[in-house]
Amino acid sequence: MKKKLNNHIKNQDYVKVYITDEDESSITHFEGIVFEQTDELILMSDSTDFFYDGLVIFRKKDVSEIKHTDNERFLRHIMKEEGLIESTLKNREAVKFSLGTLQNTLTQLKKLGNAIIIECEYGDDSTFQIGPVNEVTDTYVKLDYFNARGEYDLKPTSSKLDEITHIKIDSPYANLFHKYSSKVD
C-alpha cells in the first residue's frame, strides 16, 4: 500500500478510500487527494460534490480499498479545469502541521487552536465530537466540545486514541460552528 500511496501523492491523484472495521464491515469512505502517509496514518483532502470539505486523517490498517479508476480520473479532470485542485492544495498549505503519530499530530492541532471533528465509528457505539483540542496524552485526546447550539460543555470531552475512526480538520462545518460558538468562562 505504501508504494501505491506514494504514487498517488506524487501525482496528486483523486482517489476514493474505503474504511472498514475489524469485521470488515464498511464504515465510511473519503474522496480527495492524498497528501501524506506515515507507517500508520493517511492524510488526505475530503471532497463533497467536487468541493473541499476539509482534511481527514485515518489509520492505514482500516483501509479496505483505494480506488483510482477512470471515474476518479474524470472527477480530477473536472476539478482541475474548475480550479478546485489548486484551491484544495492551497487549503492544505494553509493548515500548518505535518503528519506524525496520532498523538504528535493532535498535539500540533492543539497548538493551531482550530476546531476539529473526531468520529469513533467502530462497534455498536458511534460518537461524534467537535471542538478545539484541549489535551493530548499517549492514550486519549480531550476536546473543548460544543453542541449544535454553539454552547461549550463545562468539561472537556474525551476519546481514546485507539477508538478514533477518523479526524477532520479545517472542515467548513467545524470552522463555522467554531467561529460562532461562545465559550463561557
Side-chain angles (χ1 to χ4, degrees), residues 17-21 25-36 38 40-59 62-63 84 87-185:
V17 179
Y18 294 86
I19 306 297
T20 59
D21 62 15
S25 297
S26 179
I27 293 177
T28 192
H29 80 279
F30 302 103
E31 301 180 28
I33 299 170
V34 180
F35 291 113
E36 293 180 56
T38 65
E40 297 176 12
L41 301 172
I42 295 172
L43 167 67
M44 67 182 283
S45 65
D46 189 24
S47 296
T48 302
D49 298 330
F50 298 107
F51 293 97
Y52 175 82
D53 195 25
L55 303 168
V56 64
I57 297 171
F58 49 87
R59 298 184 300 204
D62 298 332
V63 173
L84 300 173
S87 66
T88 296
L89 298 174
K90 285 181 182 177
N91 286 331
R92 168 58 187 120
E93 290 173 12
V95 184
K96 304 284 187 202
F97 77 97
S98 60
L99 193 61
T101 64
L102 189 54
Q103 179 184 5
N104 171 270
T105 301
L106 286 164
T107 300
Q108 291 178 68
L109 295 174
K110 177 183 180 196
K111 290 177 186 171
L112 292 177
N114 299 348
I116 65 171
I117 296 170
I118 291 177
E119 292 196 52
C120 303
E121 298 176 291
Y122 302 117
D124 295 334
D125 297 328
S126 293
T127 58
F128 174 94
Q129 298 174 353
I130 185 171
V133 177
N134 175 290
E135 181 182 353
V136 182
T137 73
D138 58 346
T139 57
Y140 66 86
V141 59
K142 288 185 178 181
L143 297 185
D144 288 328
Y145 175 85
F146 50 81
N147 64 26
R149 294 179 307 279
E151 302 164 339
Y152 280 84
D153 280 357
L154 296 177
K155 292 182 180 179
T157 303
S158 181
S159 290
K160 292 182 180 178
L161 296 182
D162 63 356
E163 294 179 357
I164 296 173
T165 307
H166 64 273
I167 300 169
K168 290 238 359 210
I169 305 145
D170 194 38
S171 77
Y173 182 88
N175 292 348
L176 284 172
F177 261 105
H178 188 224
K179 179 179 177 179
Y180 292 100
S181 293
S182 57
K183 190 164 188 172
V184 179
D185 293 323

Heavy-atom closest pair, residues S98 and N104: O-OD1, 4.4 Å

Side chain K110, main chain N134, donor-acceptor under 3.5 Å: yes

pair V34-I42: side-chain heavy atoms closer than 4.5 Å: yes

Nearest atoms (heavy-atom pairs only) where P132 meets H178: CG-NE2, 3.6 Å

Side-chain touch D62/T20, heavy atoms, less than 4.5 angstrom: no

From L102 atom CG to L109 atom CG, the distance as rounded to the nearest 0.5 Å: 9.5 Å

Minimum heavy-atom distance T38-L99, with the two atoms named: CG2-O, 3.7 Å

4.5 Å side-chain heavy-atom contact, F146 and I130: yes

Residue pairs fulfilling side chain to side chain donor-acceptor pair (under 3.5 Å) with at least one residue in residues 46-58, sequence neighbours excluded: D46-K168, T48-D53, Y52-D170, D53-K168

Considering all heavy atoms, the nearest T28-E121 contact: CG2-OE1, 4.1 Å

For E40, side chain to side chain donor-acceptor pair (under 3.5 Å) partners two or more places apart: none

Atom pair CD (E135) and OH (Y140), whose distance is rounded to the nearest 0.5 Å: 4.0 Å

Results of side chain to side chain donor-acceptor pair (under 3.5 Å) for S159 - residues two or more places apart only: Q129

Non-neighbouring partners of N147 that pass side-chain contact (heavy atoms from CB on, under 4.5 Å), sequence neighbours left out: Y145, R149, E151

Interatomic spacing from NZ in K111 to OG1 in T107 - rounded to 0.5 Å: 7.0 Å

Y18: partners by ring pair (Phe, Tyr, Trp, His ring centres under 6.0 Å), with sequence neighbours left out: H29

From CD1 (I169) to CG (L43), nearest 0.5 Å: 6.5 Å

Residue pairs fulfilling ring pair (Phe, Tyr, Trp, His ring centres under 6.0 Å) with at least one residue in residues 156-176, sequence neighbours excluded: F30-H166, Y173-F177

Shortest non-hydrogen contact between M44 and V17, atoms and distance: SD-CG2, 3.8 Å

L106 side, atom CG; L143 side, atom CG - distance, nearest 0.5 Å: 8.5 Å

Enclosure of F128 CZ (heavy-atom neighbours >12, cutoff 6.0 Å): yes

Min side-chain heavy-atom separation I167-T105 under 4.5 Å: no

Step-by-step side chain to side chain contact (heavy atoms under 4.5 Å, CB included) determination, L112 to V95: CA-CA 8 Å; L112 292 177; V95 184; 3.9 Å; yes

F35 and L89, any side-chain heavy atoms less than 4.5 Å apart: yes

Residues L161, T139; criterion side chain to side chain contact (heavy atoms under 4.5 Å, CB included); working and verdict: CA-CA 6 Å; L161 296 182; T139 57; 5.8 Å; no

Separation between CG of L84 and CG of N91, rounded to the nearest 0.5 Å: 10.0 Å

Heavy-atom closest contact (S45 atom, L55 atom, distance): CA-CD2, 4.1 Å

